[in-house]
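First the structure, in the form of structure tokens, and then the observations on it.
Naming: A, B, ... by sequence-line order, numbering from 1 per chain. Basis for what follows: all heavy atoms, side chains included, without hydrogens, waters or symmetry-related copies.
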There are 2 protein chains.
Amino acid sequence: MAAANGPSPGRLASVYSEVQTSRLHHALQLPSVLTSQFSLVDGPPSSATGNPDEIAKLFPNLFGQPSAALVPAKEAAAVEGKPLKIGVVLSGGQAPGGHNVICGIFDFLQHRAKGSTMYGFKGGPAGVMKCKYVELNTDFVYPYRNQGGFDMICSGRDKIETPEQFKQAEDTANKLELDGLVVIGGDDSNTNACLIAEYFRSKNLKTRVIGCPKTIDGDLKCKEVPTSFGFDTACKIYSEMIGNVMTDARSSGKYYHFVRLMGRAASHITLECALQTHPNIALIGEEVAEKKQTLKNVTDYMTDIVCKRAELGYNYGVILIPEGLIDFIPEVQKLIAELNEILAHDTVDEAGVWKNKLESESKKLFEFLPPSIQEQLLLERDPHGNVQVAKIETEKMLIAMVETELEKRKAEGKYKGTFIGQSHFFGYEGRCGLPTNFDASYCYALGYGAGALLQSGKTGLISSVGNLAAPVAEWTVGGTALTSLMDVERRHGKFKPVIKKAMVELDGAPFKKFASVRDEWGLKNRYISPGPIQFIGSGADAVNHTLLLDLGVHA
Amino acid sequence: MAAANGPSPGRLASVYSEVQTSRLHHALQLPSVLTSQFSLVDGPPSSATGNPDEIAKLFPNLFGQPSAALVPAKEAAAVEGKPLKIGVVLSGGQAPGGHNVICGIFDFLQHRAKGSTMYGFKGGPAGVMKCKYVELNTDFVYPYRNQGGFDMICSGRDKIETPEQFKQAEDTANKLELDGLVVIGGDDSNTNACLIAEYFRSKNLKTRVIGCPKTIDGDLKCKEVPTSFGFDTACKIYSEMIGNVMTDARSSGKYYHFVRLMGRAASHITLECALQTHPNIALIGEEVAEKKQTLKNVTDYMTDIVCKRAELGYNYGVILIPEGLIDFIPEVQKLIAELNEILAHDTVDEAGVWKNKLESESKKLFEFLPPSIQEQLLLERDPHGNVQVAKIETEKMLIAMVETELEKRKAEGKYKGTFIGQSHFFGYEGRCGLPTNFDASYCYALGYGAGALLQSGKTGLISSVGNLAAPVAEWTVGGTALTSLMDVERRHGKFKPVIKKAMVELDGAPFKKFASVRDEWGLKNRYISPGPIQFIGSGADAVNHTLLLDLGVHA
């Protein structure tokens, strides 16, 4: 069944490390509501995050449906559900814990709907469309418990969008007689899940669709969905590395480490890692955008701190940079838009005559950039000729710019220190780590809860596990109407439903906490080294700062 | 006492993470010979690793002295030593465990020579020469127990070389009335320690000198010194990251991760990480040199595996590359030597006329290199105008070269896969991590043992802890004559003593193990994810593969 290029035939033959093996045997606790008989209680009718009229038009069958909460059932009698046929699909980039969501659904069916069948669609939504799947059984699923990665069924970035694609999904649902489909993904994938739920309902299919909130970026969250899974683990992996680099900086006393962290859109990862490690500087894209800062402003901000530190005798430091930083700077966005336009039509001449096509501000900015970054802007282009912003090595760009500014100040007698930049990018290392105890339990509950929602006949909900600052036993479980998370965006003259990315809020508790201490972190060395993630012992169950602060718990 | 630019004033005011705190409380076990009364037994007279006659001339006072072993004392009576004045200095790059060596010496003095004084020289050997130190006491030392980094007293790369510098060291020893000095460092620093020991002896100073084997690179080892500290931790940190990247590669199925690993001279780190994680390819510099491979050979080797994997449906993989790889390739060494020569005198003209000064083979090689690497070769130069090999991004170079070769094969119809390279460099992340249980105990024993050697009046020995595959209680403790590890090299017409770096031996057990399985790893996916270092639980005390294989224990 394994196709060329497709998912691996499973981990049955894999050799495991000691830690992987110990994680296999790690017992997963469920919220207590899931450990005995429960029933579903509907809330009030829901609306949408924005433009409810448009959302109502886009989701005529689903709009307004209530969210649901699991509560202990009043009758003590055990109700055994009838067997179900459930499919699951992973969508988008990897996040630690994905396998546990699948294990949660699987175990729910084993415990509560004996005789059920579970299908894992292979390689993401394309697997749904092409009806490529593997039937999941105990032997197949077992080796993935509490393990990192998405390789059990692999993921993909396709979307089910066109009428033909919806029809393909319908054919698959019919062919496999699916009672339900669980879509594990980010904001886009959950929007897509809701569109599929609406479509299946409109076609009177019995197939229900439930989403699960996945993304290390942490930008899929709301009141009912306090965090997306994977964020906790990824931030702790990055923070381990940042803490090590900090100790190195303090020990050798001669390097400025510029650490770029994954997270294209929002800066949650950078903010969380800052709260965990106390760097000298952490740039938050949302703040840069809000304050309409230029690249020069950002450079000056960093250079000022470097200069002040030099006066204190510290010619070293650690600076965190969100991957998406330059996307937040209006002048850079403008430059990139102009470059995309120019380079789509013209070639770049050696003499640089092409630069005259840039508007004067953009030309000035382009010439302000270090040569290596100019080159990346011109060379790193996708098949459509667009600049690939993710490939721009922002950390190297900022090193070069701070260096240039420091040379200027040195010439003016304003700076007498030494500066050596070291660049780092932490990204792939964090997407597939072994999930923390938190992510392992959270994902297992999300999956188990998704099973419960499907068994109850719910559709168009996102699995929602709450009260996360409490012990696992006290976590709440339910489902939130996906339409209630939506707004619309106008694209190509049409309204498209979107779950807006949850960006870092400058008046939110995590950023305010950071803002209140960053000046001290800038000049004094308050570094914390979180060390490697521990699975046993004190602190092994600790939750990340962002979540605790979002929940109003002092972190 | 903290100087500008100097070491931090200590960690007394630091905020610690949960894991850091739990490590503070981690009880360190000592080899049982150190827990009761012991005496020193000398071995037979020693010689040198090479050119004993020259070594005898260079070390007239020390040459031939025996190594010493600690054995349980026959008399049960507790012998309390007289108070000592001991200095300690960290030399060279950071390695996890350095603080524990200092704790070991400190605790030895507390337990066995009450009333002693201990000085930490600040910022490396320069601190010895300038008599910059901090007096170590319980409060100051405590927060560093089992912690990463060298920031307790910081390190430096100076050497004590000239007659003036030896005199400065002598002045410091006299001023502080030092009974002993412990030099914690790599091959160069231990050579230097021996020269200082010889000098002090020749001056009839009471100050003894003992070395300790430090380097994450793992290239300071011999029969009596089975490993250098820090290697175990650094390799485990890198392997955690590599394992994560492997899971990512297998999950997304579309990236080739090229991971460059720290380790300038020897490829021990790459080999150990390969043994821990089972990558598809691991390049071992010593093998490349031994087989006199060209860059083209190396590229073809990698490309062949990429092509074979594509036929099996795997368009992804993980490739490990030692930092020092290009240093091992004769043709590259030749090119760099020529570039250093040419660029010391001439400038580089845009038209490339300067290239005609390269010999034809070097010119061909230079033009074979990707433009970004050509640029690095021309731009990344140290103050003497020499190419900074460590700054060459070998992983990006190899991606570009494999890419080019694949395009050629694709045009010839020999390759139908897809290839996207992702580059990584893991270096600083590993130097300052929290030491593993192994490194924590090993370092503590090295330090405690160094104290014992000094108390017994030994000098010119390197602290040696053996039987490392056994439980800590059974470890052996002693000192090995530094002169016995030495050979000479001719530099500027003079013989210089050196402890030769222990390179990867192609007929050694670690490489042979790797060579026996690498073909299988190349085509099949045998990835292992070691996960984050655990300090508690099964496997927390495990020792690295290289050490176990070197010791003849099956790993």
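- Contacts between B:S155 and chain A at a heavy-atom distance below 4.5 Å involve the backbone alone (N, CA, C, O).
- With a 4.5 angstrom heavy-atom cutoff, B:Q422 touches chain A only via side-chain atoms.
- Heavy atoms closer than 4.5 Å to chain A are found in the side chain of B:R157, but not in its backbone.
- Counting heavy atoms from C-beta outward, A:D151 and B:T247 have side chains that approach closer than 4.5 Å.
- Heavy atoms of B:Q147 lying under 4.5 Å from chain A are absent altogether.
- For B:K524, no part lies under 4.5 angstrom from a heavy atom of chain A.
- Considering only heavy atoms from C-beta on, A:I102 comes within 4.5 Å of A:L90 through its side chain.
- Side-chain contact, B:N280 with B:Y527: a donor N or O sits under 3.5 Å from an acceptor N or O.
- The backbone N or O of B:T436 lies less than 3.5 Å from a partner atom in the side chain of B:T233, making a donor-acceptor pair.
- Both the backbone and the side chain of B:Q534 come within contact range of chain A, judged by heavy atoms closer than 4.5 Å.
- For chain A, no part of B:H278 is nearby; none of its heavy atoms comes within less than 4.5 Å.
- Under a 3.5 Å cut-off, the side chain of B:R526 and the backbone N or O of A:V15 do not form any donor-acceptor pair.
- By the 4.5 Å heavy-atom criterion applied to side chains, B:I242 and B:P279 are not counted as neighbours.
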